[in-house]
Amino acid sequence: MNEPTRLRATPAASTDHGDDTRTAMSGATIRRAFLDHVFYTQGKLPGHASGNDLYQALAHTVRDRLVQRWISTAETYQSQPSRTVAYLSAEFLMGPHLGNNLVNLGIFDDARAAMASLDLDLDEILAQEVEPGLGNGGLGRLAACFMDSLASLEIPALGYGIRYEYGIFQQSIIDGMQVESTDTWLRNGNPWEIQRSEWAVQVRLGGHTEHYTDDRGHYRVRWVPAKTVHGVPFDSPILGYQVNTVNTLRLWRAEATEAFDFHTFNRGDYLGAVNKKVTSENLTKVLYPNDETQQGKELRLEQQYFFVACSLQDMLRLLSKQGLPVTSFHEKFAVQLNDTHPAIGIAELMRLLVDDHGVAWPEAWHVTRHAFAYTNHTLLPEALEQWPLELFGRILPRHLEIIYEINARFLDEVRIRFYGDESRLTRLSLINEHGQRNVRMANLACLGSHTINGVAELHSRLMREDVLKDVYEMWPDKFTNVTNGVTPRRWIALSNPRMTRLVTEAIGDGWIRDLDQIRALEPYADDAAFRERWYDVRRENKRDLAKLVRENTGVVIDPDSMFDVMVKRIHEYKRQHLAVLHIIALYHRIKSDPHADITPRTFLFGGKAAPGYHYAKLMIRFVTSVADVVNNDPQVRDRLKVVFLPNFNVTYGQRIYPAADLSEQISLAGKEASGTGNMKFAMNGAITIGTMDGANIELRDAIGADFFFPFGLNAAEVYALKAAGYRPATFYESNPELRAVIDLIQHGFFSKGDAAVFRPLFEGLLQHDPYMLLADFASYVHCQQDVSHAYGDRTRWQRMSILSSARSGRFSSDRAIREYADRIWRVEPVPVCLLHRASGQVQGAQQAGEGGFSERCGS
Ligand code: 26W
């Protein structure tokens with residue numbers, strides 16, 4: 001990493017006193033606070049500050065300004081109790097905090113100027129931040145966008161999750177293949193969290209249950225655990241955009257309980273005691289790097305239960321702090337399950353209410369069902385969570401009993417509704433009796449929730465018609481759709497400052513808080529001067545990306561070529577290999593006819609493969625092997641370039657989306673629940689080539705069919721072709737270009753003559769081709785031809801690009817969160833007044849609140 005320029009200035013003599021000015025927002029105050037933090041927080045003389053010191057100092061400067069609003073928010077929520085969202089998610093892929101907080105505080109430019117006045121470059125300081133990669137991909141990033149929107153819309157909310165010590169692995173590419181290493185994101189400390197040891201809780205695991213009758217003659221159950229672990233909350237402030245609201249992201253870390261260790265220790269087994277401690281702390285060590293394939297791993301179930309149990313106890317604490325009874329839980333909290341990972345919360349809340357608080361079962365069930373709502377994020381059967389009964393009972397013996405009880409009562413209901421329909425009963429049961437018996441988490445999530453939603457129109461429909469058909473027939477009214485969205489603060493204002501300036505100059509800055517306003521850009525698509533400026537912005541962004549690519553891969557790419565980009569997790573269903581087949585087709589055309597009219601393109605790939613997903617890793621090797629051949633062939637290398645950018649993450653995303661011309665969204669129709677990268681590209685002015693899948697369909701409707709390049713089978717056609725008996729070889733036999741492409745691969749042309757390397761990829765393709773690459777190939781290649789023609793007409797392309805941004809308003813996560821708030825959570829905004837800490841005396845005319853604070857509304 002680059003060391004920023006050394007800081008020469010010394011801490012300025014303090015001219016303003018008192019705590020109010022300490023967190024003021026003027027450039028001068030920021031500069032002074034920053035210098036103070038270099039000195040007092042980092043303990044360095046300015047001349048000796050390292051890049052990390054400078055980053056930490058600026059982070060603390062910003063953090064001080066957040067803390068003031070954070071406390072104000074807490075005070076407001078305490079004095080105006082209102083319904084609160086609890087967003088439960090095993091993943092929060094937040095991305096770097098510093099830049100985002102500068103944007104939301106509205107001091108990005110002031111901070112840049114303050115740093116410049118010290119001869120420092122803000123971008124270099126921002127680049128020092130190690131991003132917290134506590135998520136795999138779409139689901140975790142969605143949670144992060146939702147946290148930004150909740151705060152920006154001033155909705156009381158808590159995000160609850162896991163503080164993994166190691167986030168998603170770091171990817172490097174060695175000899176063309178993915179190599180993983182651990183993500184030590186905490187190595188320099190984390191200025192964005194505050195440990196709250198006083199709110200630590202205990203979580204029980206394993207053991208057995210005892211049934212007894214209490215002294216009042218009531219039947220009771222006692223859970224005697226095999227071990228107990230401590231859950232310690234770490235809070236991060238989540239500031240909304242130019243509001244005072246700072247919500248909390250509360251992530252739990254597992255620690256050994258002292259009591260337990262001492263017990264072992266006293267028996268003289270010191271190392272055993274330490275070992276127990278290590279075992280407990282393993283619980284939150286590492287994020288599971290799989291998305292979309294479920295593995296019945298014990299530690300994973302423990303992680304899920306751990307964070308949910310911690311979070312529910314925390315909510316009960318907050319409830320009692322406000323003097324409310326446990327039976328009002330569902331009035332105080334709207335609990336959202338981000339996929340099934342936290343679905344065990346349904347059984348846990350029942351346990352807390354029935355066993356710990358003596359609430360009668362029917363009332364406990366009423367409370368539970370009115371508290372939870374469930375979002376489904378996937379249609380892939382292999383991603384639907386199921387836990388082997390044996391494992392489940394071993395770790396959560398009491399929960400298994402509760403699940404049996406929920407199930408028994410539920411199946412009685414089903415029997416009455418669908419008398420004699422035994423197969424329906426087996427399908428709806430919380431227990432899958434097929435083969436090894438399993439607990440079905442999706443069924444539990446549906447049963448215990450008042451609302452179930454999918455993440456795009458098509459996905460929600462397929463959910464009702466397919467994966468959750470039986471549940472839908474049972475409770476059609478529970479189902480709804482909320483199409484995903486992404487936050488324009490991070491994904492435009494922060495990542496694309498050039499476009500932000502240009503748009504703001506044209507239509508004002510209201511679009512940052514209300515993205516529908518960006519529609520006002522539409523008329524500018526017909527303004528030649530504006531189009532040129534738009535082109536210039538995009539060209540600069542592409543130059544920046546070209547520089548990044550050269551620094552990271554050594555490959556030189558031409559900013560005037562079309563940047564054709566596919567960044568997302570590597571998966572068969574997403575079909576990165578279909579994009580590669582297209583590249584080979586173009587390569588083959590040039591080789592067959594050196595004068596072929598081929599629009600110069602740079603193909604950029606990025607994304608991680610789950611470490612155990614061999615096929616996906618081979619797909620990466622396929623990209624890099626084709627890159628090797630294409631980039632080194634003098635005949636084609638000025639027309640085609642292929643790059644695999646290692647370690648795609650949020651930080652890279654911020655550089656990539658603003659520089660893309662073409663956005664590849666080419667999953668097999670019916671497989672991608674929504675996609676959110678598609679939205680980030682479109683907002684930043686990239687044109688989409690895509691299948692009629694996930695949110696692509698809604699994106700095309702919003703942007704206009706003329707400005708979107710659709711191809712391939714739609715979901716209905718996919719079903720029909722599968723039903724009719726899909727024979728991929730037919731396509732191979734009847735399409736000479738496809739045949740040439742596949743033959744090149746099969747003969748080892750891209751693997752130095754070793755035909756065996758990619759055999760696993762293409763053997764399957766010719767025989768089964770479950771993701772129907774061959775069926776969609778011709779349509780894709782043809783559509784790419786149209787794309788090339790469009791790109792050749794600069795006026796047309798810039799028009800499309802402007803309209804793409806102008807019509808992307810619907811894909812703001814603010815819209816999505818409004819829909820959740822109105823239709824699912826029934827929560828209202830609670831604006832926050834800024835409290836100023838009075839140093840000795842009350843500031844302003846208003847009365848001081850508790851703790852020497854005076855209130856002032858607005859910032
Ligand atoms: C149990 C293993 C596992 C782990 C993670 C299964 C499934 C997941 C996630 C639900 C996978 C995921 O990230 N899904 C993505 O969610 C995004 C946000 O809604 C959607 O945009 C993507 O289409 C969907 O693949």
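Atoms within a ligand are numbered from 1 in the order they appear, just like the ligands themselves.
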Number the atoms of ligand 1 from 1 as they appear, then name those within less than 4.0 Å of a heavy atom of Arg300, with their elements.
1 (C)

N/O to N/O below 3.5 Å, does that happen between His377 and ligand 1?
yes

Suppose we call two aromatic rings close when their centres sit under 6.0 Å apart. Are Phe711 and Tyr780 close by that rule?
yes

Look at ligand 1 and say whether Asn136 reaches it with a heavy atom at a distance under 4.0 Å.
no

Atoms in ligand 1 flagged as close to Ala383, the criterion being non-hydrogen separation under 4.0 Å:
6 (C)

Can His341 be said to touch ligand 1, with heavy atoms closer than 4.0 Å?
yes

Would you check the N or O atoms of Leu142, main chain and side chain alike, for any that come under 3.5 Å of an N or O of ligand 1?
no

Quick check: Gln294 and ligand 1, any N/O pair under 3.5 Å apart?
no

Give me the residue, atom name and distance of the protein heavy atom closest to atom 22 (C) of ligand 1.
Glu672 OE1, 3.4 Å

Indicate whether any N or O donor in one side chain lies under 3.5 Å from an N or O acceptor in the other, for Arg300 and Gln295.
no

Salt-bridge criterion met for Lys671 and Glu292 (N-O under 4.0 Å):
no

At a 4.0 Å threshold, what atoms of ligand 1 neighbour a non-hydrogen atom of Tyr573?
25 (O)

Lys608/Asp291 ion pair, N-O < 4.0 Å:
no

Is Arg575 positioned over the aromatic face of Tyr771, cation under 6.0 angstrom from the ring centre and no more than 45 degrees off axis?
no

of all protein heavy atoms, closest to atom 14 (N) of ligand 1 is Glu292 OE2, 3.3 Å

Determine, stepwise, if the pair His571 / Tyr613 fulfils ring pair (Phe, Tyr, Trp, His ring centres under 6.0 Å).
CA-CA 9 Å; His571 262 285; Tyr613 185 1; 5.3 Å; yes

Find all atoms of ligand 1 within a distance of less than 4.0 Å from any non-hydrogen atom belonging to Thr293, and give their numbers and elements.
2 (C)

Against heavy atoms of Ala673, which atoms of ligand 1 measure under 4.0 Å?
23 (O)

In terms of atom number and element, which parts of ligand 1 are under 4.0 angstrom from non-hydrogen atoms of Asp339?
10 (C)

With heavy-atom distances below 4.0 Å as the criterion, list the atoms of ligand 1 near Gly675.
20 (C), 21 (O), 22 (C), 23 (O)

Proximity of Tyr820 and Trp825 rings by center, below 6.0 Å:
yes

Whether the side chain of Ser805 engages the backbone of Gly685 through a donor-acceptor N/O pair (distance < 3.5 Å, no angle test) should be reported.
yes

For Trp252 together with Phe306, are the ring centres under 6.0 Å from each other?
no

For a side chain to side chain donor-acceptor pair (under 3.5 Å) check, start with the C-alpha distance between Gln665 and Ser663, then their side-chain angles and the critical distance, and finish with the verdict.
CA-CA 6 Å; Gln665 308 299 333; Ser663 155; 2.9 Å; yes

Asn290 heavy atoms within 4.0 Å reach ligand 1 at atoms 4 (C)

